[in-house]
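Structure record follows, encoded as structure tokens.
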Amino acid sequence: MTEMVKLTAKDFATDQEVRWCPGCGDYAVLKAVQRTLPEIGVDPSKTVFISGIGCSSRFPYYMETYGFHTIHGRAPTIATGVKLANPELDVWIITGDGDALSIGGNHTMHVLRRNLDCQILLFNNEIYGLTKGQYSPTSRVGTRSPSTPFGSVDRPVSPSAFALGSGARFVARGIDVHKNLPAVLKAAHAHRGASFVEIYQNCIVYNDDVFAPFTAKENAGNQLWLEAGQPMLFASGTKGITLDRERLCLKIVDVIDGDWQGAEVIVHEPHNRGVAHMLVEMPVGQGWPVALGVLYEDPAPTFESAIIEQNRALSEGKPADLQALVSKGQTWEVAKEPREI
Amino acid sequence: MTEMVKLTAKDFATDQEVRWCPGCGDYAVLKAVQRTLPEIGVDPSKTVFISGIGCSSRFPYYMETYGFHTIHGRAPTIATGVKLANPELDVWIITGDGDALSIGGNHTMHVLRRNLDCQILLFNNEIYGLTKGQYSPTSRVGTRSPSTPFGSVDRPVSPSAFALGSGARFVARGIDVHKNLPAVLKAAHAHRGASFVEIYQNCIVYNDDVFAPFTAKENAGNQLWLEAGQPMLFASGTKGITLDRERLCLKIVDVIDGDWQGAEVIVHEPHNRGVAHMLVEMPVGQGWPVALGVLYEDPAPTFESAIIEQNRALSEGKPADLQALVSKGQTWEVAKEPREI
Amino acid sequence: MATATKFVTSEDHARDVPEAVVVRFAGDSGDGMQLTGSQFTLSTALAGNDLATFPDFPAEIRAPQGTTFGVSAFQINFGSATIDTAGDEPDVLIAMNPAALKTNVDALKLGGLIIVDEGEFGARNFAKAGYEQNPLEDGSLAKWQVVPFNISQLTLDAVKPFGLGNKEALRCKNMWTLGLALWMFDRPRKPVEDWLKAKFAKAPQLAEANIVALNAGHAFGETAEIGSPLKQHHVDPAPAEPGLYRTVTGAEAISLGLVAGAQLAGLPMFFGGYPITPASAILHHLARYKEFGVVTFQAEDEIAAIGAAIGASFAGSLGVTSSSGPGIALKTEAMGLAIMTELPLVIVNSQRGGPSTGLPTKTEQSDLYQAVYGRNGDAPMPVIAARSPADAFDCAIEACRIAVQYMTPVMLLTDGYIANAAEPWKVPDTTTFERFDVAFHDAPLGEGEAVNPYARDDKLKRVWIKPGTAGLMHRIGGIEKNVGTGHIDYDPANHQAMTDIRADKVLGVANSIPPQGLEQGEAGAALAVVGWGSTYGPIAQAVRRARARGLDVAHVHIRHIWPLPTNLGELLRGFGKVIVPEMNNGQLKTLLRDQYLVDCRPLTKVSGQPFKIREIETAIDEALA
Amino acid sequence: MATATKFVTSEDHARDVPEAVVVRFAGDSGDGMQLTGSQFTLSTALAGNDLATFPDFPAEIRAPQGTTFGVSAFQINFGSATIDTAGDEPDVLIAMNPAALKTNVDALKLGGLIIVDEGEFGARNFAKAGYEQNPLEDGSLAKWQVVPFNISQLTLDAVKPFGLGNKEALRCKNMWTLGLALWMFDRPRKPVEDWLKAKFAKAPQLAEANIVALNAGHAFGETAEIGSPLKQHHVDPAPAEPGLYRTVTGAEAISLGLVAGAQLAGLPMFFGGYPITPASAILHHLARYKEFGVVTFQAEDEIAAIGAAIGASFAGSLGVTSSSGPGIALKTEAMGLAIMTELPLVIVNSQRGGPSTGLPTKTEQSDLYQAVYGRNGDAPMPVIAARSPADAFDCAIEACRIAVQYMTPVMLLTDGYIANAAEPWKVPDTTTFERFDVAFHDAPLGEGEAVNPYARDDKLKRVWIKPGTAGLMHRIGGIEKNVGTGHIDYDPANHQAMTDIRADKVLGVANSIPPQGLEQGEAGAALAVVGWGSTYGPIAQAVRRARARGLDVAHVHIRHIWPLPTNLGELLRGFGKVIVPEMNNGQLKTLLRDQYLVDCRPLTKVSGQPFKIREIETAIDEALA
Ligand SMILES: Cc1ncc(C[n+]2csc(CCOP(=O)(O)OP(=O)(O)O)c2C)c(N)n1
Ligand SMILES: Cc1ncc(C[n+]2csc(CCOP(=O)(O)OP(=O)(O)O)c2C)c(N)n1
Ligand code: SF4
Ligand code: SF4
Ligand SMILES: [Mg+2]
Ligand SMILES: [Mg+2]
């Protein structure tokens, strides 16, 4: 890449045929990423997509960048090695709800708490697509699936709540086919540190329309798109979120004639962690909207920069003298003429 | 146990010599548990202590109950099997900060989100005791240890914040040597579902006095003991916690002459999840107290009861007829006289 | 297969009254070929033929339509004689599109019959399949007999009255094809109709449309004026013992066998699993058997799955877990815990192509090393292997028996081929099965007596004390235990003693198993073909053919991989030569050579595909040349 | 050991001018015996003796004082001749309390010397140690020579001037004891004094108190009027090649070797680890070598540790990970990924007693099966084993060489004994080492050319393309790859081809290693003792003694466990008999019998303790009887 030509989405597509089911939400995310990267202006040869196993984890094969399709749940560990070995690389982790939160939950937590500089795109379809439709840790109670033919009984985990609890410094949400996805991706990329993005992705084969209550056109009013410095409004601005100062929890208020101040609607401050916790835990469905966009952002030092900096500081002025290293400690000389007994 | 005699702490002690370092905080927790169980009136033969690996995980050997000292990080998985196989058993999980949050973080999350009825005692000494003092995921930035001789750089995870993010319905905190520990243990036992208890435990050998800023006698004022329906006061009632209604976050206020209402000090409602999040995330040290006692409690159906109930409902009236089972599906008869060709 | 009573050579006969036919259905993943295949299988079974099947599908859920990597195929071999494999070379290939033709035609027998859906043979599909021109026209299929129909159009015409959308209407193509196939082999349509009605109970219109398509395909065969290649064949029923039969896949049979095993042990069963191809089906089956006291648990990962199963065993259930290669690898550490705590546990490994993610939907036998040797420490564990879908039922029971009678984890090896393949199964009379009821230890302690969870019987089995038992509280764990008390003990002599006990206990399992027999041939034969697992079918047929040609060859098939039957060494030493065909690089071979110092020669195949009979026959010829 | 030049029999000589002495320090975990031992070792090395050590400590951090399971011991064998083991039976036992006496006295040589701290011999400690009465008085030690002093009191008296608390003052006991030991063997105190000053740089008063205790112990030896048992011995220096020497433990040597290996490859090193006994020390050492481009990462678990190492290798570093049995088990799945993606990786396994948690602080060789066979799928991987602390340095370099020259994960086996034991090491001239610089592939693509990450050289090594390289973007992963393009490919013939390539590539490593040599004896000897790893010492001594007695026995010690040296089969077939001593139930034996059909007889010991020379000598005698 000596001459920097303006790249297009096509330049980020490989010659490999895309192998998802027709109609799968993964296509839309792939398109969005392929469109966004040239807009950000990244160098494909400095970009690495790392995934685990799952339908979504096939993603790297379709990106004309470096890529590693690893093993189930372990993408964050491989990403950590890649980034520590070469912090110049721009690392994207692609994962699913099963990959990131079932088998891989621990690594997801640790990559977030350590704050490795990377983007984590979690394709949440609330199902195991690749293994043919078993319920996942994000599936709702009552999900019927091959492994739960009479309905699942365990309470799901909320990816974004889990990310926050794990110490994430950037938490965002998007929808596979929504036009705002590129903006969310750009924000994630701009954030230094681990950017956690939960993408609601429709699995047309095993969990079709599970997000329709807020993704369907007629339900778009249930989307609360957050923007820094802007009031938390939804339903075309007719409703807003405020804090119930009695019960110390969030509350929905009607906004009359756009007077959101009057309704005491909260202005979104992405660095407010307490509010972020409440936003991700809004009981979606029961009249509550889904919080989308950048829910929380408050940068902190990144893991790899701290490591690199420590290593640099400690090795400054110390030559890598192998002979000196092996000769260290308390040593003794045996004289030229060996003593024989 | 046909006749129920009143048991004492001694009845819960085994004949095994306790093998922790002299002065280790684990002794105090062991004592507290051995004292509390007879007070609750549990049946030792229906009680199971399950642990992973670590100094703390030696605990079961010292409890005259059933016990399983398993492998590193996996105690929640074994506990899940025990409880699903026999929901009558009273299951305690004993784990350390490394065991529960380093290698075992994923299982900790899942046992919490599933809400298995059990008590989880996490001995947080912010260090790996058993392997001789390496830093752990709860160690503070800058911790010098054999594996981080120049100080650790990664941001620690907060056990209680992680538990909440994982969907815990009961989160409490205690201190190894504090007189309130039995009360916390009782509350945990009384809660139906997964009760998460973080115990600050002093490792006298590898991390001595790391909690002294709030555990030392002279620093007891930094302990905020929460009680349902009571105002959040600390420093002998001279300070309290309130909500900054501008910035929507917690704030410390001075309480003059005990007028906490005047100072707008919050009354602790254990089921308030939003406030619980803020309490566990108070930046301890920088003038902030440590929230102790039952931080959050809001019961939900337990995993094993839901499973058992579903299985019961589905098998009701269906005999376990093995012959019928193997004869299922589309079958055909081959006549007595086999046709030969 | 389970019902074999008489030996009849197959496939080598003249074709007029065929005794065995191999049919392969191939189409796009979305074409429903697996359904077509399994319904055809059922009708074949009902017609009394012996049979074996081989479903072969892509790793993708639904790859883009029309591509070669999206092709899904189903092969069935059925006949009036004993059938042991899904057949080397199809006689008939039904290809629903150019990609299906392309990927499958090379396997077809010289002169075999190709039926294609002409309606899919257009330029776009040629391109996707990588054909430069129309293969139906360029003479490239001259070795075979090609019969093209426009199945798409014929289906659309047939279901027109239902006013379905184009896409939905075309979904009935597979039933049209099935109808034609049923006609070709003179089969009743009723069972399929019943099945369709049940399947589409909530959409009776779809059921009807499919039935109409089925009938249309059948009628087409009856009435269409097609030349000789397409004619009706009747395949006589195979000889079989009288009784009730059903078809069974390996995954089903293992599930049923585990339920039976737990019942025979008198225990509730706990199954901890995590989905993975091709093991998931066992979880799916068991999730439906609630009335048998089966608790299924979809864990967060394979480690949690085995951990929970160990916990359940500790609590007094029969713990079972299942996975395939990568997941079994993850369970390794916990298996060590089960070995050390001497808890019963059944671990089912449905082997697939490796290493790593490998070829998830393909079959292989390459986890034998892992099963026998793949743990830290000296960690002996019994291992048994199923040879066929029906045999998997017996093996699952056997695994349960060993687990509870010896207080040990047991690994049951099966593979992708067995898991998915179906074969007829004579329903056993379960009331005649020998029980192996577990007696939990619950005797109250005597005066001054201490609980000893490591007290043993003369088989070296330790006592199983259920938590909840009054007065017998005790602790177990993964650290070495004192041989006399069960307390933690690091003493050197004690570790040696416990290591010896663990090894001897597992070796002792050999005393409870039958001596190794011969499938065919005599002890002392010039050549023995020694196999294990799903190579049974091709080895049995190959040996049969070789013996029919007068060769002195025997077939030994090993179920008990560890410990090996006590007479095996002697048996092997008696043969002139020994070859060991395996779908791996020679793993059982290592075991046999180590144990018996017999020059067992490996015959390896690691392609994700079962052996062909011919491949083994060739090896026999070479060995005896 | 590394410095052996001449053979001199040891221990069997008359005792007046001893040529080898075995001393064992034993005390409570809190008594600082490991420090005493390592300082004594250093002074011994400085005195020019050859030596070997064996630290033996409990799993507990600090078990309750005075108990037998809390005893920590350190044994050293040193002499004026070649020393290969820490010695079978101590000549001198220094026991700091009754528990230490109890657990160690039985190993003592008949007539050996026992020094005890009388101050600890009170009723409470007898009870804790399980003595019913005072062993110093009941005649039970009559076989040995017992010299009791009140070391506690003598130490308290000595350090009184410093006004330390009782507990702190008693902490100096170990230095008093060391002082006495230094006197006994005529050693300078200066190095210990220097070390104390450095150690207590921030508390000079403590340094002084310890030095005073050290001098007091020494002076006590000089002046005390004790009978004959306690007298000064001078052990002459051992013959050694001239040069610079230091002591080194296995963990240190591996760390240094890894650094050297990465340097020779011209790569930065990435080390991903998770603490576990006895592997942690490698992480601890490497964490200090920042200036060598070493990045250490304490991961959340062993899976993350190897995952990160694989990621680092993908990114162009030399990835290294390390653990012991249970942790290695957890890495199994990821090893498969490294094999499939053909990335260089060094996996160090510091073996400990198993199975499961087992005996974490004890030594064993029971992970060989796991190393060679323990993965799903046909997953070949080179395995090499270090025989001693000093040898571990060379082996670590060799592991790095194979990893980068063949693009493969390599497992390096060591064990708890090697990891902790120390021996003198002639510091090598690293400038003479042969480099194996890595050439990353970065040639721009030609017209119409596609990137092929699986393009190979004639050693079958694939190209290594660093992410960040302009224009060579590509994707790798755990699914089977096309042999020609590197794209995903499920084709049967392709899988067979890739399976063969993976196997052949690893087998090809044998072409880059020296042929198997003999440590002692001749090819064709009546008996060969074939060993691997840390059994080197006792085998070497046992064979030496047997040969000194005129027996025709050879010693073969295998470094390259997989692939085995190409001449090994021929070599083994030439011997009359072969015995294979292993600290496991016969694992290398399996490999050898499988590969060569040679009747290798196992000699097993699974007690968590190294072999005694005598045990092997006895086996030699029996084999030749
Ligand atoms: C160790 C291991 N266990 C299990 C599997 C099987 N497996 C592959 S993907 C997957 C879950 C996929 O779910 P998700 O991450 O949500 O991805 P999706 O397919 O829905 O995009 C499972 C269980 C595996 N490949 N490896
Ligand atoms: C699989 C595995 N990895 C690593 C270890 C080594 N190990 C034992 S305990 C432990 C950490 C202990 O820390 P923690 O859980 O905080 O317990 P503590 O000793 O501090 O009570 C480690 C790393 C092990 N036993 N097993
Ligand atoms: S199964 Fe679902 S997630 Fe997977 S490719 Fe198909 S539609 Fe997409
Ligand atoms: S090392 Fe620390 S945590 Fe472990 S027993 Fe000792 S004091 Fe307790
Ligand atoms: Mg999913
Ligand atoms: Mg800890």
Side-chain angles (χ1 to χ4, degrees), chain A residues 1-2 14-16 44-50 53 60-61 63-71 74 76-86 88-89 106-107 109-110 307-308 310-311 314-315 318-320 322-323 325-341, chain D residues 5-6 8 42 45-46 48 80 191 236-237 239-246 256 259-260 263 268 270 272 289-293 295 297 299-301 303-304 307-312 314-317 319 333-334 337 427-428 430-431 467-471 473-479 487-488:
Chain A
M1 298 273 117
T2 37
T14 61
D15 59 353
Q16 298 293 293
S45 69
K46 296 229 164 94
T47 304
V48 187
F49 278 80
I50 300 170
I53 299 284
Y61 290 118
M63 292 297 306
E64 188 56 35
T65 61
Y66 286 91
F68 202 159
H69 179 219
T70 70
I71 45 178
R74 317 301 174 188
T77 73
I78 277 110
T80 301
V82 166
K83 193 77 186 172
L84 286 176
N86 184 354
E88 308 247 297
L89 297 172
N106 199 33
H107 310 302
M109 180 260 273
H110 285 280
I307 292 265
I308 303 296
Q310 185 179 68
N311 288 11
L314 286 162
S315 44
K318 292 194 205 161
L322 187 59
Q323 192 59 37
L325 180 68
V326 296
S327 314
K328 251 168 128 174
Q330 272 175 301
T331 55
W332 68 97
E333 278 287 348
V334 171
K336 268 275 142 58
E337 300 301 317
R339 296 153 293 188
E340 295 278 343
I341 50 164
Chain D
T5 47
K6 267 192 77 174
V8 182
L42 185 70
L46 293 177
S80 52
D236 281 328
E241 275 182 49
L244 185 71
Y245 283 78
R246 56 173 289 185
L256 295 171
V259 172
Q263 295 276 315
F270 176 92
Y289 302 155
K290 311 281 185 212
E291 65 269 31
F292 293 91
V295 173
F297 170 57
E300 58 269 33
D301 63 13
I303 300 175
I310 290 172
F314 175 59
S317 284
E333 189 204 5
L337 179 66
V427 174
T430 58
T431 60
T469 308
M473 288 82 73
H474 65 275
R475 278 70 45 198
I476 60 172
I479 296 182
H487 294 315
I488 288 184

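Lettering of chains follows the sequences in order, A, B, ..., and the numbering in each one begins at 1.
Looking only at side-chain heavy atoms (C-beta outward), A/Phe68 and D/Arg475 stay at 4.5 Å or farther from each other. Residues A/Arg74 and D/Glu333 form a side-chain contact, since some pair of their non-hydrogen atoms from C-beta on lies under 4.5 Å apart. Annotation: side chain of A/Asn86 is not in contact with side chain of D/Pro467 (no heavy-atom distance under 4.5 Å). A/Gln323 has its side chain within reach of D/Val427: a pair of non-hydrogen atoms, C-beta onward, lies under 4.5 Å apart. Residues D/Phe314 and A/Val48 have side chains in contact (heavy-atom distance under 4.5 Å, counting atoms from C-beta outward). Residues D/Glu291 and A/Asn311 are not in side-chain contact: their nearest non-hydrogen atoms beyond the backbone lie 4.5 Å or more apart.
With a 4.5 angstrom heavy-atom cutoff, D/Leu337 touches chain A only via side-chain atoms. Residue A/Thr14 touches chain D through its side chain alone, counting heavy-atom pairs closer than 4.5 Å. In this structure, chain D has no heavy atom under 4.5 Å from any part of A/Glu88. Looking at A/Met109, neither its backbone nor its side chain comes within 4.5 Å of chain D, counting heavy atoms on both sides. With a threshold of 4.5 angstrom between heavy atoms, D/Ala309 does not approach chain A through any atom at all. For A/Pro76, no part lies under 4.5 angstrom from a heavy atom of chain D. The part of A/Ile307 that comes within reach of chain D is its side chain, from C-beta onward, which places non-hydrogen atoms under 4.5 angstrom from that chain. Contacts of A/Leu89 with chain D are made by side-chain atoms alone, with heavy-atom separations under 4.5 Å and no backbone atom involved.
A donor-acceptor pair under 3.5 Å links the side-chain atoms of A/Trp332 to the main chain of D/Ala45, judged by distance alone.
Between chain D and the options A/Leu314, A/Val326, A/Thr80, the largest number of non-hydrogen pairs under 4.5 Å is found for A/Val326. Put simply, of D/Ala299, D/Ala260, D/Ala308, D/Pro268, the one with the most heavy-atom pairs under 4.5 Å next to chain A is D/Ala308.
For the atom pair CD1 of D/Ile303 and OG1 of A/Thr77, the computed distance is 8.5 Å after rounding to the nearest 0.5 Å. Note: A/Ile71 CD1 to D/Ile310 CD1 = 6.5 Å, rounded to the nearest 0.5 Å.
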